[in-house]
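Single-structure report; data block below.
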Protein chains: 2
Amino acid sequence: MNEAVVTILQGNGIQPSAQRVAVGEYVLRTEDHPSADQVWAAVRERFPMISRATVYNTLNLFVEKKLLRELILAEGRIVFDPNLGPHHHFIDEESGAILDVPWDAVSVDRVETLPGMDVREYQVVMRGRRRAH
Amino acid sequence: MNEAVVTILQGNGIQPSAQRVAVGEYVLRTEDHPSADQVWAAVRERFPMISRATVYNTLNLFVEKKLLRELILAEGRIVFDPNLGPHHHFIDEESGAILDVPWDAVSVDRVETLPGMDVREYQVVMRGRRRAH
DNA sequence: ATACAGTGTTAGACGTAGTCTAAAGCCATG
DNA sequence: CATGGCTTTAGACTACGTCTAACACTGTAT
């Protein structure tokens, strides 16, 4: 078992079972924005007998305990983002890949003053093509 | 048959069948952001024998012909937005309602200069609570 | 050691959203 | 009124996610 992940789980009030650690080892480290079934597939490579329900339960538990954030911006699916700090998202229309965009890379104004709305959080969602830079 | 809708469909190269006009009468006028099944339910009230597949086919046709825009920001579902001009979106966390926010109500800077990304379109997605104003 | 309680895991059933398919219907044209 | 092309239909199918009920594991009290 990975000690670092065990510590993170315990620090957030989660019993570190073998299955939860296996899910955490993958999903808390990845730079991707995997869907639940992608997490299931990745974890099964090292833990072949883990069940679908356990992976879904564990992901929902991690979201509840704020180890992951749920994003709803890819094609009709929920994906998970271990990057908890505020940031924006860029979706590559060619591959469907979701990239993080640093919070300070774009600036947004006047969100706080919208009439009739208490904005608790916001982000810019961009779509386009990746290119060489 | 609603003449205005018939004209819109014909002007966009769509044969105005009775079913397509019925879908158009609802979805091209609404201020809501209905899901496909909500459109199906609404249209069936006046056209009870219309099939699910026809509604889905028609919505996809409208999107392809640019009469509707597809949004992927509600809870795991695709919704349709007849407001084609650029605008932002506010999601009321209490009710799940999606509200349009005028393009000029917020300002966004430096999107064009992101290294490695050709941004073709973008929008600000806000979440929070509605309040009296 | 043994029983028990509480937590976690499992397979599979289920619900919902959306797509696909094959057959049938409609309608303009010759 | 036969033909061909487009449209619609019901239902099968797929994918994603949740739920359920049984089972397994762990730790504590006896």
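Numbers restart at 1 for each chain; the letters A, B, ... are given by sequence-line order, proteins then strands. Note that the coordinates shown come from a computational prediction; the quantities given were computed from them, not determined experimentally.
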[X] side chain N/O closer than 4.0 Å to the phosphate oxygens (OP1, OP2) of [N]?
X     : N      : result
A:S17 : C:dG8  : no
A:R20 : C:dT9  : yes
A:Q19 : C:dT9  : yes
B:Y56 : C:dT19 : no
A:N60 : D:dT18 : yes

B:V39 side chain near B:T30 side chain, heavy-atom distance below 4.5 Å: no

With a 4.5 Å limit on heavy-atom distance, are the side chains of B:F62 and B:V23 in contact? yes

Checking contacts here: which listed nucleotide ([options]) is nearest the side-chain heavy atoms of [X]?
X     : options               : result
A:N57 : C:dG18, D:dT9, C:dT10 : C:dT10
A:Q15 : C:dG8, D:dT9, D:dG17  : C:dG8
B:R52 : C:dA17, D:dC16, D:dT8 : C:dA17

In terms of the angle between their ring planes, are B:H88 and B:W103 parallel, tilted or perpendicular, with boundaries placed at 30° and 60°? parallel

Nearest-angstrom distance from the residue atom [atom1] of [X] to [atom2] of [N]:
X     : N      : atom1 : atom2 : value
B:M49 : D:dT7  : CE    : C1'   : 15 Å
A:L59 : C:dG8  : CG    : C1'   : 15 Å
A:Q10 : C:dG8  : CD    : P     : 13 Å
A:I50 : D:dA24 : CD1   : P     : 18 Å
A:R44 : C:dT9  : CZ    : P     : 16 Å
B:L9  : D:dT7  : CG    : P     : 11 Å
B:I14 : D:dG5  : CD1   : C1'   : 18 Å

Tell me whether the count of non-hydrogen atoms from other residues, nucleotides or ligands lying under 6.0 Å of CZ in B:R69 goes above 12. yes

If you draw a 6.0 Å radius around CZ in A:R44, do more than 12 non-hydrogen atoms from other residues or ligands fall strictly inside? yes

Between A:D37 and B:T58, which residue's closest nucleotide on DNA chain D lies nearer the 5′ terminus? B:T58

